[in-house]
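Each chain gets a letter, A, B and so on, in the order the sequences are listed, and its residues count up from 1. Side chains included, hydrogens not; waters and symmetry mates left out as well; all remaining heavy atoms used.
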Number of protein chains: 2
Amino acid sequence: MEASPPATPNGKQQHLLEQLRRAAHELSGQDLHAQLRNTPQAMGLATVYRHLRQLQQRGLVRCRHLPSGEALFAPTERDEHHLTCVDCGRTVPLPACPMHGDDLSPQQLDGFQLLFHTLEFFGLCPLCQQRQQG
Amino acid sequence: MEASPPATPNGKQQHLLEQLRRAAHELSGQDLHAQLRNTPQAMGLATVYRHLRQLQQRGLVRCRHLPSGEALFAPTERDEHHLTCVDCGRTVPLPACPMHGDDLSPQQLDGFQLLFHTLEFFGLCPLCQQRQQG
DNA sequence: GATAGAGTGAGTATCATTCTCAGTCAAGGG
DNA sequence: CCCTTGACTGAGAATGATACTCACTCTATC
Ligand SMILES: [Mn+2]
Ligand SMILES: [Mn+2]
Ligand SMILES: [Zn+2]
Ligand SMILES: [Zn+2]
């Protein structure tokens with residue numbers, strides 16, 4: 001079934017991570033699976049989700065959930081957050097992380113080894129504000 | 001099917017919101033549905049989720065997604081965030097919101113009317129750190 | 001070349017959430 | 001009083017993302 005031999009252990013997981021890093025924006029599990037179709041790094045959907053979970057556990061990947069329910073994944077070194085409309089679902093990226101490096105105090109950390117955070121803002125976009133007025 | 005007449009329009013939605021406010025912690029849609037079972041305010045699961053969505057759109061309720069996939073809902077006036085273990089899933093509440101009221105600048109807001117935010121931290125809990133060492 | 005272990009994917013299962021649609025009710029007009 | 005309209009509801013079915021199963025292939029080791 002495989003034409004080329006696996007180069008190195010964890011090769012597929014490495015490829016998945018690089019795919020995410022190369023992408024211009026966040027991708028869903030389904031996106032990743034679809035993008036790798038018909039490439040030498042194609043992998044099953046189960047494998048995509050397996051690796052995404054492991055990468056999250058290693059602190060290399062983070063995900064956020066859209067109001068629609070789909071999860072979008074991004075590499076954690078890309079410290080990006082969003083403003084999302086609770087009505088139409090439109091989301092726009094923030095120019096910078098509003099926490100500007102403020103980390104938790106040791107007391108707040110409670111022994112945890114911090115890996116990453118998610119920070120998302122929600123509101124009404126200009127169009128949906130209008131629609132609710134009129 | 002109804003014994004008592006609906007007192008006022010939106011009565012059920014009001015009850016759902018009060019249920020959430022009265023609760024000691026966040027609740028899932030299923031939790032809410034189960035808790036209202038066998039009370040005068042019982043409502044179908046579809047109605048629970050309908051109202052949760054509407055309350056979110058009005059900025060009264062916020063939700064976060066556990067790694068397990070279930071969504072937990074809380075009233076937005078309860079400005080609480082968490083530290084969650086990416087390995088075992090244990091989550092502990094933070095004593096205070098680390099953004100201490102820092103809001104977005106008008107430029108960042110981009111015309112949005114801000115309703116609420118979600119902020120969650122992820123890492124390895126002390127036990128899972130040990131387990132990975134040993 | 002026998003064995004053990006890691007990695008994989010097609011198919012299936014799970015399960016939270018959403019959709020469908022017909023029933024109930026309140027209000028308003030005639 | 002009917003009758004229409006629109007808001008609200010819930011049982012059950014549909015959806016869809018994610019997890020699980022299990023048999024198979026490689027690799028490494030002896
Ligand atoms: Mn950040
Ligand atoms: Mn906060
Ligand atoms: Zn909008
Ligand atoms: Zn843990």
Side-chain angles (χ1 to χ4, degrees), chain A residues 1-17 19-20 26-58 61-74 86-89, chain B residues 1-17 19-20 26-58 61-74 86-89:
Chain A
M1 192 180 296
E2 287 292 325
S4 50
T8 151
N10 283 338
K12 295 242 170 121
Q13 182 166 311
Q14 208 37 242
H15 275 298
L16 193 67
L17 181 55
Q19 179 83 359
L20 259 188
E26 314 147 289
L27 296 173
S28 70
Q30 310 275 354
D31 289 341
L32 283 162
H33 176 245
Q35 286 198 8
L36 292 173
R37 259 195 187 308
N38 309 320
T39 79
Q41 291 80 38
M43 65 186 80
L45 195 51
T47 304
V48 169
Y49 283 111
R50 249 193 305 254
H51 286 158
L52 283 173
R53 196 180 339 125
Q54 290 170 2
L55 288 168
Q56 258 179 290
Q57 292 181 342
R58 292 166 52 198
V61 158
R62 144 185 44 209
C63 82
R64 70 172 175 127
H65 287 82
L66 295 184
S68 74
E70 75 178 329
L72 297 181
F73 297 83
V86 293
D87 199 343
C88 68
Chain B
M1 194 177 295
E2 286 293 325
S4 50
T8 149
N10 282 340
K12 295 239 171 123
Q13 182 167 311
Q14 211 34 244
H15 274 299
L16 193 67
L17 181 54
Q19 178 84 359
L20 258 188
E26 313 150 290
L27 296 173
S28 69
Q30 310 275 352
D31 289 340
L32 282 162
H33 177 244
Q35 286 198 9
L36 293 173
R37 262 194 185 306
N38 309 320
T39 79
Q41 291 80 37
M43 66 186 80
L45 197 51
T47 303
V48 170
Y49 283 111
R50 250 192 304 255
H51 286 158
L52 284 173
R53 195 179 341 124
Q54 289 169 3
L55 289 168
Q56 257 179 291
Q57 293 183 343
R58 291 166 53 198
V61 158
R62 145 184 45 209
C63 81
R64 70 174 175 128
H65 288 82
L66 293 184
S68 75
E70 75 177 330
L72 297 181
F73 296 83
V86 293
D87 199 343
C88 68

Would you give me the side-chain donor-acceptor pairs under 3.5 Å for residues 36-45 of chain A, sequence neighbours excluded?
from, atom 1, to, atom 2, distance (Å)
A:Thr39, OG1, A:Leu36, O, 2.8
A:Thr39, OG1, A:Gln41, N, 3.0

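In this structure, B:Met43 atom CE and D:dA11 atom P are separated by 12 Å, rounded to whole Å. Remark: C1' of C:dT8 and CG of A:Leu16 are 14 Å apart, rounded to the nearest angstrom. Rounded to whole Å, atom P of D:dC8 lies 16 Å from atom CG of B:Leu52. Between B:Leu32 atom CG and C:dA16 atom C1' there is a gap of 14 Å when expressed in whole angstrom units. Summarising the geometry, the separation between CG on B:Leu55 and P on D:dC8 is reported as 13 Å, rounded to the nearest angstrom. Atom C1' of nucleotide C:dA16 and atom CG of B:Asp31 are separated by 12 Å, given to the nearest angstrom. For B:Leu72 and C:dT17, the CG to C1' distance is 14 Å, given to the nearest whole Å. Going from atom CD of B:Glu26 over to atom P of C:dA16 covers 17 Å, rounded to whole Å.
Distance CZ/B:Arg62 to CZ/B:Phe73: 12.5 Å, rounded to 0.5 Å. Between the CG atom in A:Leu66 and the NE2 atom in B:His65 there is a gap of 9.5 Å [rounded to 0.5 Å]. Rounding to the nearest 0.5 Å gives a distance of 10.0 Å between CD of B:Gln57 and SG of A:Cys88.
Between its two ends, the helix from C:dG1-D:dC30 to C:dG30-D:dC1 turns its axis by 10°, counting five pairs per end and rounding to 10 degrees.
Looking at B:Leu52 and B:Leu32, their side chains come closer than 4.5 Å, going by heavy atoms from C-beta outward. Looking at B:Leu16 and B:Gln14, their side chains never come closer than 4.5 Å, going by heavy atoms from C-beta outward.
Partners of B:Arg50 according to the side-chain hydrogen bond (donor to acceptor under 3.5 Å, both in side chains) rule, which considers only residues two or more places apart in sequence or in another chain, are B:Thr47. Not a single ring pair (Phe, Tyr, Trp, His ring centres under 6.0 Å) links A:His51 to another residue, sequence neighbours left out. For A:Gln19, the side-chain hydrogen bond (donor to acceptor under 3.5 Å, both in side chains) test picks out A:Arg22, A:Gln35, with sequence neighbours left out.
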List, with names and distances, any nitrogen or oxygen atoms from the protein found under 3.5 Å away from nitrogen or oxygen atoms belonging to nucleotides 12-22 of chain D.
from, atom 1, to, atom 2, distance (Å)
D:dT18, OP2, A:Tyr49, OH, 2.3

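Between B:His33 and D:dG10, a side-chain N or O to OP1/OP2 separation shorter than 4.0 Å is absent. The side chain of B:Thr47 contributes an N or O atom lying less than 4.0 Å from OP1 or OP2 of D:dG10.
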